Participant: 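Below is a structure I'd like to ask you about.
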Amino acid sequence: MSNTLPKNFEPQQVEEKWYKHWTEQGYFNSTPDDRKPFTVVIPPPNVTGVLHMGHTLNETVQDVLVRKARMSGFNACWVPGSDHASIATEAKVVQLLEKEKGIKKQDLSREEFLKHAFEWKDKYGGIINHQIKKLGCSVDWNRVTFTMDDHYYQAVIKVFIDLYNKGLIYRGARMINWDPQAKTALSDEEVEYKDIQGKLYYVRYKVANGAGDESILIATQRPETIMGDTAVCVNPNDERYQHLKGKKVIVPLVNREVPVIFDEYVDPSFGTGALKVTPAHDINDYNLGLKHNLPAIDTLNEDGTLSAAAQVFVGMDRFEARKKAVEQLKAEGLLMKEEEYQTRLGFSQRTNAVVEPRISTQWFVKMREMADDALNAVTSGDVKIHPEERFLATYKYWLENVKDWCISRQLWWGQRIPAWYLPDGTFVVAATREEAFQEFQNQWAKAGNQSNSTANDHSPFTIDDLTQDEDVLDTWFSSWLWPIEVFNGISQPNNPDINYYYPTSVLVTGQDIIFFWVARMIMAGMEYMKEKPFEYVYFTGMVRDKQGRKMSKSLGNSPDLLELIDRFGADAVRFGIMISAPAGNDLLFDDSSCEQGKFFNNKIWNALKLLKMWETNGIASYDRSKEGFEKATFAATWFQARLNQVKNEVEALYKEFKLSEALKTIYSLIWDDFCSWYLEWVKPPFGQPIDQHLYNSTLDYFEQLMQLLHPFMPFVTEEIYHHLRDRENGNDLAISQFGDLGEQQAVVSSLQDNVVLLLGNSLKDAITAIRDVRNKNNMKPKDAIKLYIQSDNQKGYELVADILAKQVNADEVNFVADAVAGCITTVVGKDKFYIQSEVAVDANVQKDQLLKELEYQKGFLEAVNKKLSNERFVQNAKPEIVENERKKQNDAAQKIKAIEESLATLG
RNA sequence: GGGAGCAUAGCUCAGCUGGUUCAGAGCAUCUGCCUUACAAGCAGAGGGUCCGCGGUUCGAAUCCGUGUGCUCCCA
């Protein structure tokens with residue numbers, strides 16, 4: 001331990017040193033034992049991504065909870081890992097291959113592409129882990145899991161097969177959301193809707209065999225889909241179109257005759273009341289088509305260009321085709337009107353391409369039953385959501401209205417769907433080609449095709465005829481197993497880890513993935529573990545910039561985490577994000593809060609320096625009477641009481657997940673109570689030795705404060721912990737247990753905590769009031785005063801008189817029974833303080849102040865009197881309330897008396 | 001269109017089951033201090049019709065209704 005501490009706290013060296021030490025000691029590694037587990041699984045970030053401020057918030061919250069649990073007797077286990085993020089990663093790999101190596105995806109085989117993708121993953125996947133380390137996260141690095149690890153891959157396949165066998169997965173042609181850029185299907189949740197200024201086109205459809213120019217006017221937003229029209233629909237009650245019953249109309253551009261159908265679905269007041277029906281390209285039209293048995297003509301290719309079926313504009317992009325279609329309709333005199341129209345369009349969450357409703361054969365999960373289980377888990381209170389009021393309703397609504405989940409993606413990066421096809425299109429679901437072949441044979445045999453010899457393979461197909469489904473599974477179809485499979489719970493059911501760590505304790509995540517992930521994890525948990533995956537879900541808010549804008553790459557308003565850590569230190573960044581993060585609310589993040597954290601580091605560091613200086617100056621052991629001891633150690637007695645009080649407050653705040661409040665409370669305890677009050681109270685005169693009791697107590701308190709703060713700011717606290725006292729190897733704050741430090745209180749006092757706290761408050765109030773007087777009267781800090789106290793509680797003030805004298809620079813403190821002439825008076829509560837000074841004072845200043853106070857107290861008293869004279873109040877209010885009012889009445893009267901007396905002495 | 005939430009000091013927010021220890025905190029502002037832990041600091045101070053309007057109540061920032069404004073989710 002050295003006394004040559006640097007002027008300021010230097011985070012860079014300290015952080016690296018401690019993180020290395022903690023991990024080398026294995027403090028973050030967990031294996032099952034007799035203690036209760038506290039399990040957290042990290043929401044796996046995208047493997048190729050970097051941590052943004054949202055992650056920073058999430059990881060910090062988790063680390064706070066995990067460290068707190070580790071220090072509270074739990075076997076804390078925090079599992080890190082990452083997600084393969086199929087669409088996002090594949091898009092990135094495709095893009096980079098083209099840019100860096102000039103390779104196109106279509107020129108690669110599946111195997112070649114995957115090889116590139118894994119290379120990419122190995123190269124960039126480490127960034128996230130590095131960032132998590134830099135932040136100080138206490139994750140178990142022995143448990144790093146990736147959603148494409150072998151065991152995880154197998155688990156996903158196993159679950160797919162199981163759900164298929166249970167009839168919960170099916171394959172079929174449905175209207176799905178198609179991303180023409182990524183060329184894959186999307187789930188409903190992957191589509192984001194935005195308000196767009198569009199146009200409504202009024203197009204004339206001629207009536208077939210109609211008299212002369214007879215036609216029907218149709219309003220559409222998508223004239224480029226006209227070629228796919230297979231009917232025109234009107235409301236059966238619409239007077240205007242009764243005459244069209246049984247008639248046909250001619251679709252423009254392609255001149256196809258289609259029927260006019262009648263359905264109440266059509267809103268007669270919208271547009272012209274006539275709707276063109278394009279079953280292949282609109283979900284509502286699709287449903288109408290099913291109902292009326294209409295053909296669906298798919299006029300689009302998978303990349304969003306027009307297909308041969310469109311007959312015109314073939315190969316043209318859909319938006320280009322829209323322009324052309326409008327031009328041509330105009331030329332043909334069929335376009336009657338264009339009008340501006342506010343509409344909502346679906347965009348792909350990943351590529352931001354306009355999503356195309358498309359009929360396509362995909363794999364789906366039936367959600368109804370599993371959704372019910374997931375709903376029960378939450379409504380029964382088994383899984384508790386924080387903050388509940390905000391998210392419970394959203395959660396319920398989604399689950400009650402859940403639709404089947406489209407899980408197939410036309411991509412290569414991900415778990416390949418374990419379905420095997422024969423050339424005729426029939427398929428089986430099986431983990432391997434061999435199993436699939438066996439299954440086919442069984443089916444073939446069962447169907448009565450008994451082989452006529454002893455040979456076991458007489459089916460008309462060979463194993464080489466089998467082809468595997470080309471598609472992979474939605475990323476979330478693997479993520480939903482996360483809390484189970486990070487402990488190998490699917491691949492090796494009932495292993496010791498899963499039995500010990502599951503269900504996990506708390507899931508910390510953003511509210512934006514409540515459906516994608518949280519709800520589905522609960523489903524998977526209930527389905528495969530018959531138990532919830534976590535006890536609590538804690539939703540953090542969204543991190544926005546100072547102006548309230550969402551942080552995003554395109555706006556460039558998201559700070560780089562490593563750079564922030566570089567500038568402020570990890571503790572300061574953690575402080576910055578936590579201090580501005582009220583539970584569940586969005587938070588406006590600004591660098592300045594990190595700066596505040598840095599200042600805080602420095603403040604603590606300087607308190608350490610002060611203690612080191614005392615050590616150098618010497619420690620004295622005084623012999624004292626009991627009274628003398630209590631007097632000398634009042635500050636310590638008070639701080640002990642205050643510390644106990646705050647510890648309880650913080651504990652309560654943790655229980656409610658009010659982490660930001662907890663940090664504020666600790667911050668204020670350290671800065672205000674410890675540094676500003678306590679240390680000043682016990683500080684010996686310059687160069688003098690400090691009382692041994694006080695010194696030891698101060699060390700104890702400092703230790704406990706560091707322990708209290710450690711979950712939030714692990715590095716600086718660990719560093720200081722080791723500076724405070726010499727520690728044996730293995731005695732580190734990171735694994736210290738709450739309650740173990742400072743249990744044997746250094747200062748034993750006969751005074752009750754609440755008495756001490758009250759007296760402490762009076763002392764603080766008196767100091768502040770007297771300092772205010774000094775300030776207002778322009779006294780220099782060096783100008784000493786003489787102080788006279790007139791109080792009912794002389795005994796109490798005697799105990800703290802030395803502190804008071806020091807804090808207000810009084811060279812004399814006396815107790816008096818009457819007003820002292822020639823003094824400035826200040827009234828604190830019922831007590832009067834007379835300040836005598838050499839400096840000439842302006843009586844008006846304090847007179848004004850006293851008058852102001854008098855006015856307030858009189859108004860206050862009047863209000864109380866009014867209340868107490870109200871019979872209905874006295875009758876109806878609770879007795880203790882009335883009693884309290886009487887007390888207030890009495891207090892106010894006394895205060896007024898004290899002030900008036902003081903005013904009298906001023907003349 | 002359906003649902004949820006929010007509105008308190010210049011800014012960001014606390015205020016649990018209604019009652020002047022309830023009108024608060026942190027930033028920001030102003031004043032005075034380079035006091036040998038810390039000027040990245042210390043000591044003080046000022047600042048609010050608790051969004052508008054109704055209601056319930058002895059009593060409303062708090063409960064109810066309504067209007068306005070904002071945010072989010074869903075179609």
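From a predicted model like this one, the values you see are computed outputs, not experimental measurements.
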Participant: Among B:A37, B:A75, B:A45, which nucleotide has an atom closest to any side-chain atom of A:Tyr193?
Facilitator: B:A75
Participant: Tell me what A:Trp671 touches on the nucleic acid: a base, only sugar-phosphate, or nothing, going by heavy atoms under 4.0 Å.
Facilitator: sugar-phosphate
Participant: Does B:A23 have a Watson-Crick or wobble partner in any strand here, with both distances under 3.5 angstrom, and which is it?
Facilitator: none
Participant: Using Watson-Crick or G-U wobble geometry with both distances under 3.5 Å, which nucleotide pairs with B:C38?
Facilitator: none
Participant: Can you check the A:Lys806 NZ to B:U35 C1' distance for me, whole Å?
Facilitator: 13 Å
Participant: When all nucleic acid strands are considered with a 4.0 Å heavy-atom cut-off, which category describes A:Arg774: base, sugar-phosphate, or nothing?
Facilitator: nothing
Participant: When we call it a touch if two heavy atoms are under 4.0 Å apart, what does A:Tyr397 touch: a base, just sugar-phosphate, or nothing?
Facilitator: sugar-phosphate
Participant: Would A:Lys598 pass as a cation-pi partner of A:Phe568, given that its NZ or CZ must be under 6.0 Å from the six-membered ring centre and within 45 degrees of the axis?
Facilitator: no
Participant: Remember a base hit wins even if backbone is also touched, and classify A:Gln875 as base, sugar-phosphate or nothing at under 4.0 Å, heavy atoms.
Facilitator: nothing
Participant: For A:Asn8, which contact category applies under a 4.0 Å heavy-atom criterion: base, sugar-phosphate, or nothing?
Facilitator: base
Participant: I want to confirm an ordering. Mapping A:Ile881 and A:Phe9 to their closest nucleotides on RNA chain B, which one lands closer to the 5' end?
Facilitator: A:Ile881
Participant: What does B:C50 pair with, Watson-Crick or G-U, if both distances are under 3.5 Å?
Facilitator: none
Participant: If you look at every strand shown and take non-hydrogen atoms under 4.0 Å, does A:Ser676 touch a base, only sugar-phosphate, or nothing?
Facilitator: sugar-phosphate
Participant: Select base, sugar-phosphate, or nothing to describe what A:Lys7 touches, counting heavy atoms under 4.0 Å on all strands.
Facilitator: sugar-phosphate
Participant: Please classify the nucleic acid contact of A:Ser592 as base, sugar-phosphate, or nothing, using heavy-atom distances under 4.0 Å.
Facilitator: nothing
Participant: Looking at A:Trp677, is A:Arg642 sitting on its ring face, NZ or CZ under 6.0 Å from the six-membered ring centre and within 45 degrees of the normal?
Facilitator: no
Participant: Given atom CZ of A:Phe873 and atom P of B:G59, what is their separation to the nearest angstrom?
Facilitator: 11 Å
Participant: Rounded to the Å, how far apart are A:Arg771 CZ and B:G32 P?
Facilitator: 18 Å
Participant: Could you let me know what B:C70 is paired to, Watson-Crick or G-U wobble, both distances under 3.5 Å, or none if it's on its own?
Facilitator: B:G5
Participant: What does A:Asp772 touch in the nucleic acid at a heavy-atom separation under 4.0 angstrom: a base, only the sugar-phosphate, or nothing?
Facilitator: sugar-phosphate
Participant: With a 3.5 Å limit on both atom pairs, tell me what B:C30 is paired to, counting Watson-Crick and G-U wobble, or say none.
Facilitator: B:G44
Participant: Between A:Trp671 and A:Tyr667, how do the two ring planes meet: parallel, tilted or perpendicular, split at 30° and 60°?
Facilitator: tilted
Participant: Touch check for A:Gln596, heavy atoms < 4.0 angstrom, all strands: base, sugar-phosphate only, or nothing?
Facilitator: sugar-phosphate
Participant: Over 60° means perpendicular and under 30° means parallel, so tell me whether A:Tyr701 and A:Tyr678 are parallel, tilted or perpendicular.
Facilitator: perpendicular
Participant: Base, sugar-phosphate or nothing for A:Glu680? Non-hydrogen atoms, less than 4.0 Å.
Facilitator: base
Participant: Is any side-chain N of the basic residue among A:Glu656 and A:Lys658 closer than 4.0 Å to the acidic one's carboxylate O?
Facilitator: yes
Participant: More 5' along RNA chain B: A:Val191 or A:Lys598, using each one's nearest nucleotide?
Facilitator: A:Lys598
Participant: Tell whether A:Gln807 reaches the base of B:A43 with its side chain through a donor-acceptor pair below 3.5 angstrom.
Facilitator: no
Participant: In whole Å, what is the span from the CH2 atom of A:Trp605 to the P atom of B:G41?
Facilitator: 17 Å
Participant: Whom does B:A61 pair with, Watson-Crick or G-U wobble, provided both distances fall under 3.5 Å?
Facilitator: none
